[in-house]
Amino acid sequence: MKREAAEKRGRQAEKTAARFLRLKGWRILAERIKTPRGEVDLIAKRGNLVAFVEVKARTKAQDLENAIDQRRLKRVADAAEILYSEYCTKGEDMQIDVILVAPRRLPIHLTNVWHGF
């Protein structure tokens, strides 16, 4: 039951993050894309920039600061490397973003968080 609740919370957080990005002028290109090397929750585009977005949800806002780590970011970056040619067809710039979601607060959008370390 705990796993099902976490999955439901994650899907809801992805919907919240997509709405949040749309309000900021982003167009959602894809959701929940799996590759052999990792998964990307959202792929969004604004202007000449494509963001590969990891969404993390926590039930308590204070838990958000520990929601993401380098291992998770590497998996998103590895997936983005595979997906780049499909979603950046006109030479767009790309970045890895994170959106943190918790109840009763605006999502936190961290931009360009992966620098390959």
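In this structure, CD in E54 is found 9.5 Å from CG in L42, a value given to the nearest 0.5 Å. Expressed to the nearest 0.5 Å, how far CG of L106 lies from CG of L100 amounts to 12.5 Å. For the atom pair CG (D78) and CD1 (I96), the distance works out to 9.5 Å, reported to the nearest 0.5 Å. For the atom pair W114 CH2 and F52 CZ, the distance stands at 14.5 Å (nearest 0.5 Å).
The two residues A44 and L21 have their closest heavy-atom pair at CB-CD1, 4.1 Å. For the residue pair A57 and A13, the shortest heavy atom distance occurs at CB-CB, 3.4 Å.
With sequence neighbours left out, I82 forms a side chain to side chain contact (heavy atoms under 4.5 Å, CB included) with T35, P36, R37. For the side-chain hydrogen bond (donor to acceptor under 3.5 Å, both in side chains) test, no residue two or more places apart in sequence or in another chain qualifies with T111. In this structure, the side-chain hydrogen bond (donor to acceptor under 3.5 Å, both in side chains) partners of E92, at least two apart in sequence or on a different chain, are K45. Partners of K24 according to the side-chain hydrogen bond (donor to acceptor under 3.5 Å, both in side chains) rule, which considers only residues two or more places apart in sequence or in another chain, are H109. Considering only residues two or more places apart in sequence or on other chains, R72 meets the side chain to side chain contact (heavy atoms under 4.5 Å, CB included) condition with K56, I68, D69. Under the side chain to side chain contact (heavy atoms under 4.5 Å, CB included) criterion, L49 pairs with W26, D93, Q95, not counting sequence neighbours. Every residue two or more places apart in sequence or in another chain was checked for a side-chain hydrogen bond (donor to acceptor under 3.5 Å, both in side chains) with R9, and none qualifies. With sequence neighbours left out, the side chain to side chain contact (heavy atoms under 4.5 Å, CB included) criterion links R32 to E7, R11, E14, E39.
One hydrophobic cluster, built from ILVMFWY side chains closer than 4.5 Å, holds both M94 and L29. No continuous path of ILVMFWY side-chain contacts below 4.5 Å connects L83 to I28, so the two sit in separate hydrophobic clusters. One hydrophobic cluster, built from ILVMFWY side chains closer than 4.5 Å, cannot hold both V55 and L110; they sit in different ones.
By the 4.5 Å heavy-atom criterion applied to side chains, F20 and V101 are not counted as neighbours.
When each of D41, V53, T16 is paired with I99, the side-chain contact (heavy atoms from CB on, under 4.5 Å) condition holds for V53 and for no other.
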